[in-house]
Number of protein chains: 2
Amino acid sequence: MYTIGAMSKATGVKVPTIRYYEEIGLLDEPGRNAGNQRRFDQAGMDALGFIKHARDLGFSLDDIRALMGLDGQLGDDCAEADQIARSQLENVRERIAKLEQLARELERISHLCDGGNGGCCKVLTALADHSQCAGDHG
Amino acid sequence: MYTIGAMSKATGVKVPTIRYYEEIGLLDEPGRNAGNQRRFDQAGMDALGFIKHARDLGFSLDDIRALMGLDGQLGDDCAEADQIARSQLENVRERIAKLEQLARELERISHLCDGGNGGCCKVLTALADHSQCAGDHG
DNA sequence: CTTGAAGCTCTAGTGGCTAGAGCAACTACA
DNA sequence: TGTAGTTGCTCTAGCCACTAGAGCTTCAAG
């Protein structure tokens, strides 16, 4: 049996966040001791570890709910779980591409100021005027 | 003079978002016509364009507030604006690095399912067990 | 038996919007 | 001038995934 603090330490999920996961039904309500404090079992610990890891991988809580719903069933779990993971990968790749475009743009803007220029700030001008941009970020 | 709808069309910022920017003091309150509808001038249009572009580049509304505060002043505007832009670039680069790590991890997990395997879903197992991960994402 | 850490519930706030209700005003056409 | 349809207005509430704080109770160590 684990206290909520022990769960937090073991998984790296903050205490209020654990209570939040319980509140939204992502974590099963654990038992309570005589003093109304939560006491988690190993299944609770495993579930929280799963959630933490999936969160770190960028899955939404809804995705995680779906993934956890699959667990323990037979049949096409794997196809479905795989689908969710692949779609998340797609998502991550898109975000990377977009951020790389932004980084290029920001680099360009930053370079405008390298030597310092009297009075008129080119960074602000660049931000004000999209037409100066190389690519079509955003 | 532009209506809020014209502003929206011209910049790509949605109408409620424009009102929101005004509410939080990011956009100056525009004048109103006899029927209490907003009528923006060119300065308002330029400001909204600036905000949109900076948002597309990933700046927070707080950053944008700071950048707009600099505009029109003399002296070290440029240094300060440059600093904000560079710090945003740093931020974007970090996010890219983190996402790339996640993509690698997700790829690894997805490959586990390539051939299909009977009954036990390796994707779910991989998600449950961080120790299988190659790098230290998250 | 006391003290301090850890637990509890509850409310409210974060960022950056988005959605909807229920109206008022404007615009185009007949 | 009438009317229909679009656009505008304010206000409240909701989204995601937490985070912070108040004010209290319970637990564990010495």
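If you're wondering where the values come from, they're calculated on a predicted model, not measured in any experiment.
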Quick one: list whatever passes side-chain hydrogen bond (donor to acceptor under 3.5 Å, both in side chains) with A/Arg104, sequence neighbours left out. A/Gln101
Please state how far atom CD1 in B/Ile24 lies from atom C1' in C/dC17, giving the value in whole angstrom units. 10 Å
Return the value, rounded to whole Å, for the distance between atom CZ of B/Phe40 and atom P of D/dG8. 10 Å
Between P of C/dG16 and NZ of B/Lys52, the distance in whole Å: 15 Å
Looking at residues at least two apart in the chain, or sitting in another chain, which of them share a side chain to side chain contact (heavy atoms under 4.5 Å, CB included) with B/Lys14? B/Pro16, B/Thr17
Listed by chain and number, what are the side chain to side chain contact (heavy atoms under 4.5 Å, CB included) partners of A/Ser87, not counting sequence neighbours? A/Gln83
With sequence neighbours left out, write down each residue that passes side-chain hydrogen bond (donor to acceptor under 3.5 Å, both in side chains) with B/Arg93, or none if nothing qualifies. A/Glu107
Using a 4.0 Å heavy-atom cut-off, write out nucleotides 9-30 of chain D from 5' to 3' as B (base contacted by protein), S (sugar-phosphate only) or - (no contact). SB------BBS------SS---
Identify all side-chain donor-acceptor contacts of residues 33-46 of chain A below 3.5 Å with residues at least two apart in sequence or on another chain.
| residue | atom | partner | partner atom | Å |
| --- | --- | --- | --- | --- |
| A/Asn33 | OD1 | A/Gly35 | N | 2.9 |
| A/Asn33 | OD1 | A/Asn36 | N | 3.1 |
| A/Asn33 | OD1 | A/Gln37 | N | 2.8 |
| A/Gln37 | OE1 | A/Arg39 | NH2 | 3.4 |
| A/Arg38 | NE | A/Glu22 | OE1 | 2.6 |
| A/Asp41 | OD1 | A/Ala43 | N | 3.3 |
| A/Asp41 | OD1 | A/Gly44 | N | 3.0 |
| A/Gln42 | OE1 | A/Tyr2 | OH | 2.5 |
| A/Gln42 | NE2 | A/Asp46 | OD1 | 3.1 |

